[in-house]
Amino acid sequence: MSSEMLPVDEVAWQKKWDEADLFKATTGGGKPTFYCLEMYPYPSGKMHMGHVRNYSIGDAVARYKRMMGFDVLYPMGFDSFGMPAENAAISEGGHPHDITERNMASITQQIKRMGFSYDWSRTLKSHDPRYYKWNQWFFTKFYESGLARREFAPVNWCVSCNTVLANEQVKAGRCWRCNGPVEQKGMSQWFIDLPAYAQELHDGLDTIKFPEHVKSLQRDWLGRSEGAEITFGVVDSDLTFEVFTTRPDTLFGATFATLAPEHPLSEQLVTGTEFEEDWKRLYDEVVNMSEFDRIKNMNKKKGVFSGKYAVHPLTGDRIPIWFGNFVIATYGTGAVMAVPAHDERDHDFAKMYDIPIKRVLVMQEDGSPDAPVNRADVDDGWMVNSSVEGFDGLYGQDARDTVCSALESKGLGRREVNWKIRPWLVSRQRYWGTPIPIIHCESCGVVPVPEKDLPVELPRDVVFGKGNPLETSPTFVHAPCPACGEDARRETDTMDTFMDSSWYFLRYTDAMNDEVCFGKAAADRWMMVDFYCGGIEHAQMHLIYARFMTKALRDLGLTIADEPFYELLCQGMVNKSAPYCASCGVTLSVDHAGSPCPHCDAPLGERSAKMSKSIGNTVSPEAMIELYGADTVRLFILFAANPTAGMDWSDTALEANHRVMLQLQAWPEQLRSWNGPSSPMDAWLTARFNKRVHEFIHAMDNFDLRRAVEISHYEIIKDINWYVRRGGQNPSVASQIFPQWTQMVSVSTPHLAEDWWASREHHDGTFVAESQLELPASTTPKDHLTLASEQYIRDFLEQARKVQNIAERHLGGQAKSAIVVISPSWKREMARAALGFITEGGHPKQFVPVLAQMPMAQGERKGEMMTFWGKKMLPQVFKWDDASREVIVSELDEQQVLQHASKFIASDLNLESVTVVVGESDSDTTERAGSAMPLSPAIVYS
RNA sequence: GCCGGGGUACCCGAGUGGUCAAAGGGGGUGGAUUCAAGCUCCUCUGCAUAUUGCUUCGCAGGUUCGAAUCCUGCCCCCGGCACCA
């Protein structure tokens, strides 16, 4: 290869694609559509390897689908609202808008350098009023329909971010973004009623292709529990409270009830009584505790008696009402019926406070109703001890249903499905987000901003770092009431930025429309997203909000799509090795490489860890592109691991991939230099290549990118090398396969492929990026035979080489010649008969009598043949794969094939001569026919 | 505790009843080419061995003519949920 070969001018190709407008999604036409999307990025200033991996995957899919005749929508934009920009503004001065624009410009440039085939004409950015106007419009629509509402509620407050957080955004009691502590705070906030769609979100999971773990995660998060809501009255009063339980079958065992100390009824029950003081103490203890701490402390169960009694809805029994620190007001109804015999928590509590425990289920059908309860029996059981007729003996779901029916007929309960997911808290006390389009008027109350006044734009005259920035802008805060015209006050909270990302995929379908959020026809034409690629970190937040929003917008009549994304692919992490101390179990910063563990002084090993700034094991995409080019980086990233698997960054592997690229770059010239005649190998390469195209399509259709790249960049080279090795040099074969090979190569390394495409003799100025892949003909039986013969030779050589090594030890020197002994024809005949027998459905063991009747087994060798069958042929019959079986049944003449190739075989094995004989024939003097099998000749070296 | 995903050779990683001592890549090895290095091509890379045998796909059993693959139990890793009503 010439070392002075110029690198592929990637930037030039990118410019040409751009000028030719190749990747603009069309707005009509009869082609089927394909919507390929990656989670739109937050515009930090630098592209990292995670981005590169994500987009390399998406781009390969988009390019492939275009080539397969689809109208592809493959857009890119920015999730440009959010706190990093605002925090940067606070710490370094400046304005979030400017910082965001600056970062966007820089990351855009880096993304473009990779040559991804985006339709940049549809680029959207969340912080553009043309975009966020529609967030506001949706919000007012939701307000009208009751889906959005304002409530005073205890909310999660992140101290360091200075804002409230949605439930989903609190991880282990800490803020998902800054990891700071989260407190409970009572505030008036805006909520969107996501639970209204909980059932649909739950059921929809069965209609889409998400990875199993993502579905499981979403189901957990939605938290469906089926049960009953039951009304308990308070003795000597009109008061009632509701409890939710998944176990109505244990209702007769309820010996007390527990309310959350902050339950709306609690204070009323104890005020002015001797129990007030105890309640107050418990109340004060829990009320300021974050939910996380509360749950964490649940093992320290504590309760106080209220002095009041509840009425059991079915028996009318008086049961004491307690307050418990383990009951949380915002979960379910904030009250529980306590069944100590069949619930562990209630059991512990009853023991602690000496409350009666009543068995109402037995775990065996004939179990004793009076058996003592030493530990809560929480499994399903048969009802016993029901104080009312008609329940004893019922089991499980049957029992639950019957209890529910009884409650329903008394009007004291009903079947109910409870969800863990709670309304989406969308208010944020931050600046860099969509202003909530609401005006608070003294006389009219809450008034949404009319559509004609949208968007409510973010003002520039704000002060950062002193509470809610929008409150510092007088021009923003003061506004006339849209209803009465009086002076009123604008809502100063902004929306959670997940609002932006929950519908951007719809906007892409009609991104430049300023009349409506998106045209219905456009949305319906492109939706759902066919292929959505992004990180697992969005499995519950973004992916739930987006699914919810799609359904909510559908119900506004804006689209017919039920789900946003059909197939989700979560790409694996990009890892790189980092110092690791096995005894301390910690991964350390790369600064420690080569030194002993700073904690225990043990020598450090290495371990693969997610690329992160704190460990310092990051690799800069820019630097890699500079060194090797975008194509090499893409090839490496797609080939190093399956899209969903974690991949380890390896500099040596990257270099190896670069060598592959250099080698590929030289191929067109190499092919052009071919000047040989046509040969029998031509048919082989043609058939082989044809098969490769089929395999490639199959792999791409299944998003098995690694396999696809392996075929286009590795296997085909090997095939061609073999062809050349076997004497093939036919230029017409070269020009026949070259265009399709170029197309396959273009999916992952598009720049190189354009060089190839342009190098063709009859190049017409088109791009491979716009070409259509011609589907190869299906493989013919003749192709099969051609491929099989060659495979036979390759297998033979492999076997021969192994044997040769050992043989030469015996010979005490280099072997000079070999006699190849083809298996005697009766063995192949036997194999054919057996294969036929099994194909017909016969059990291998029953083949013996069949064989005994065959003509070959009639002579004096009958015994030998029967033994051979049992010992050798039977196991072998099963070892042959479909291809080999086909070959055995086919016309392929082993002797002929090897004979034809004997010169090649001799030179490949470094022998002077190779003779091929049929075992047990007159010309076979070796007496080694015994070990020869069909497709596996014996070889005798000398 | 519950749910989901995993455990394959020096490393990464394919493989879901026979093509499996197990693809491919990395790393390593030997050879061809070269004045030489690099690149490229070819070989080998569990152990033994004239073409075959033995051991091996987390561990232990089982089903089968045949198990990395199916079943049962166990161990370990990753992710999620969790005194949840």
Side-chain angles (χ1 to χ4, degrees), chain A residues 1-3 211-221 223 225 227-230 243-247 258 295 298-299 301 326-328 331-339 343-349 376 378 418 420 536 539-540 575 577 606 608 636 639-642 644-648 650-657 659-660 662-663 666 704 706-707 710-711 714-715 718 721 724-725 791 795 798-811 815 821 843-845 870 874-885 908 910 928 931-933 936-941:
Chain A
M1 187 182 305
S2 62
S3 52
E212 214 34 66
H213 65 291
V214 173
K215 289 189 184 187
S216 138
L217 218 122
Q218 293 220 344
R219 283 195 198 97
D220 281 349
W221 203 265
S225 54
E229 202 160 286
I230 303 173
V243 305
F244 178 81
T245 177
T246 52
R247 295 298 301 275
T258 314
I295 290 168
M298 271 195 188
N299 51 351
K301 274 183 280 292
F326 56 89
V327 184
I328 295 169
Y331 268 22
T333 58
V336 296
M337 69 175 205
V339 184
D343 181 286
E344 278 173 23
R345 184 191 60 197
D346 297 341
H347 188 89
D348 295 347
F349 193 87
V378 296
N418 203 31
K420 197 184 69 176
I536 182 66
Q540 72 260 95
N575 305 312
S577 70
E606 293 242 306
S608 177
F636 166 67
F639 186 61
N642 268 325
T644 54
M647 63 168 277
D648 288 334
S650 149
D651 289 333
T652 48
L654 181 71
E655 276 166 42
N657 280 284
R659 286 198 297 271
V660 171
L662 292 174
Q663 193 191 341
D704 187 353
R706 193 181 169 285
R707 176 64 191 147
E710 187 173 15
I711 293 162
Y714 290 83
E715 307 261 48
K718 280 189 234 164
N721 278 337
V724 172
R725 219 172 127 196
Q791 190 59 46
D795 292 346
E798 193 181 326
Q799 180 62 14
R801 243 180 249 116
K802 266 186 194 157
V803 176
Q804 189 169 7
N805 270 331
I806 304 152
E808 287 182 345
R809 260 183 264 164
H810 283 254
L811 295 171
V821 188
H843 192 276
K845 282 192 158 171
L874 175 67
Q876 185 57 51
V877 159
F878 290 105
K879 281 190 181 161
W880 282 315
D881 60 23
D882 289 347
S884 305
R885 289 180 187 199
D908 202 69
N910 214 357
R928 290 286 178 76
S931 55
M933 287 291 277
S936 173
I939 307 153
V940 186
Y941 289 93

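The shown structure was predicted, so the numbers you read here are calculated from the model rather than taken from an experiment.
Rounded to the nearest Å, the gap between the C1' atom of B:U45 and that of B:G25 is 14 Å. Spacing of C1' atoms, B:G28 relative to B:C10, comes out at 9 Å, to the nearest Å. B:U69 and B:G18 are spaced 11 Å apart, taking the C1' atom of each and rounding to whole Å. As rounded to the nearest Å, B:C3 and B:C47 have C1' atoms that lie 43 Å from one another. Taking atom C1' in both B:A9 and B:G1, one finds a spacing of 37 Å when rounded to whole Å. Taking atom P in both B:G4 and B:G73, the straight-line distance is 14 Å, to the nearest Å. Comparing the P positions of B:G61 and B:A67 gives an interatomic distance of 14 Å, to the nearest angstrom. For the P atoms, the distance from B:G15 to B:U63 is 29 Å, rounded to whole Å.
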For nucleotides 27-32 of chain B, tabulate all protein N/O to nucleotide N/O atom pairs closer than 3.5 Å, reporting atom names and distance.
none

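Atoms NE2 and CG, from A:His810 and A:Asn805 in turn, are 11.5 Å apart once rounded to the nearest 0.5 Å.
Considering only side-chain N and O atoms, A:Arg809 lies under 4.0 angstrom from the phosphate OP1 or OP2 of B:U49. At B:A14, one or more side-chain N or O atoms of A:Asn642 fall inside 4.0 Å of OP1 or OP2 (strictly under the cut-off). For B:C3, neither phosphate oxygen OP1 nor OP2 lies less than 4.0 angstrom from any side-chain nitrogen or oxygen of A:Lys215. The phosphate of B:G80 has neither OP1 nor OP2 within less than 4.0 Å of any side-chain N or O from A:Gln218.
Residue A:Phe639 has its side chain nearest to B:G25 when only B:G25, B:C84, B:U51 are considered.
With rounding to whole Å, A:Asp343 atom CG is found 17 Å from B:A82 atom P. Distance CG (A:Asp704) to P (B:G13): 15 Å, rounded to an integer number of Å. Separating the CZ atom of A:Arg707 from the P atom of B:A23 is a distance of 13 Å, rounded to the nearest angstrom. Atom CD of A:Glu798 and atom P of B:A21 are 12 Å apart (whole Å). Atom P of nucleotide B:U40 and atom CZ of A:Arg725 are separated by 17 Å, given to the nearest angstrom. In this structure, the CD atom of A:Glu710 is 8 Å from the P atom of B:G24, given to the nearest Å. In this structure, the CG atom of A:Asn805 is 13 Å from the C1' atom of B:U45, given to the nearest Å. Atoms CH2 (A:Trp221) and P (B:C3) sit 19 Å apart, rounded to a whole Å.
Heavy-atom distances to RNA chain B give each of A:Lys420 and A:Pro937 a nearest nucleotide, and the one nearer the 5′ end belongs to A:Pro937. For the pair A:Arg247 and A:Tyr941, nearest-nucleotide mapping onto RNA chain B gives the more 5' position to A:Tyr941.
The base-pairing partner of B:C81, taking Watson-Crick or G-U wobble contacts with both distances under 3.5 Å, is B:G1. B:A23 makes up no base pair with any nucleotide shown, lacking Watson-Crick or G-U wobble contacts both under 3.5 Å. When both distances must be under 3.5 Å, the Watson-Crick or G-U wobble mate of B:U51 does not exist.
A:Ile536 comes within 4.0 angstrom of nothing in the nucleic acid, heavy atoms only. The residue A:Asp908 sits apart from the nucleic acid: no heavy atom pair falls under 4.0 Å. Heavy atoms of A:Ile806 sit under 4.0 angstrom from at least one base atom. Here A:Arg801 lies in heavy-atom contact (under 4.0 Å) with sugar-phosphate atoms only. Heavy atoms of A:Glu344 sit nowhere under 4.0 angstrom from any nucleic acid atom.
Considering only residues two or more places apart in sequence or on other chains, A:Arg809 meets the salt bridge (charged side-chain N to carboxylate O under 4.0 Å, His left out) condition with none of them.
No more than 12 heavy atoms of other residues, nucleotides or ligands sit less than 6.0 Å from atom CD of A:Glu344.
Heavy atoms only, all atoms of each residue included: A:Val336 and A:Val243 are closest at C-CG1, 3.7 Å. For the residue pair A:Asp346 and A:Ala338, the shortest heavy atom distance occurs at OD2-CA, 3.2 Å. When every heavy atom of A:Phe636 is checked against every heavy atom of A:Ala653, the shortest pair comes out as CE1-CB, 3.7 Å. A pairwise comparison of heavy atoms in A:Phe639 and A:Arg706 identifies O-NE, 3.0 Å as the closest pair. Residue A:Tyr941 comes nearest to A:Ala815 through the heavy atom pair CD2-CB, 3.7 Å, listed as atom of the first residue, atom of the second, then distance. Of all heavy-atom pairs between A:Arg247 and A:Met337, the closest is O-CE, 3.7 Å.
Side chain to side chain, A:Gln791 and A:Asp795 meet the donor-acceptor criterion of an N or O pair below 3.5 Å.
Between A:Phe326 and A:Phe349, the ring-plane angle classifies as perpendicular under the 30° and 60° cut-offs.
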Margin query: Under the criterion side chain to side chain contact (heavy atoms under 4.5 Å, CB included), I'd like the reasoning laid out for A:Asp908 against A:Arg725: C-alpha separation, chi angles, the key distance, then a yes or no.
Written below: CA-CA 10 Å; A:Asp908 202 69; A:Arg725 219 172 127 196; 2.5 Å; yes

Next item on the list: Treat primed atoms plus P, OP1 and OP2 as sugar-phosphate and everything else as base, then score nucleotides 4-12 of chain B 5' to 3': B for base contact with protein heavy atoms under 4.0 Å, S for sugar-phosphate contact only, - for none.
Entry: S-------S

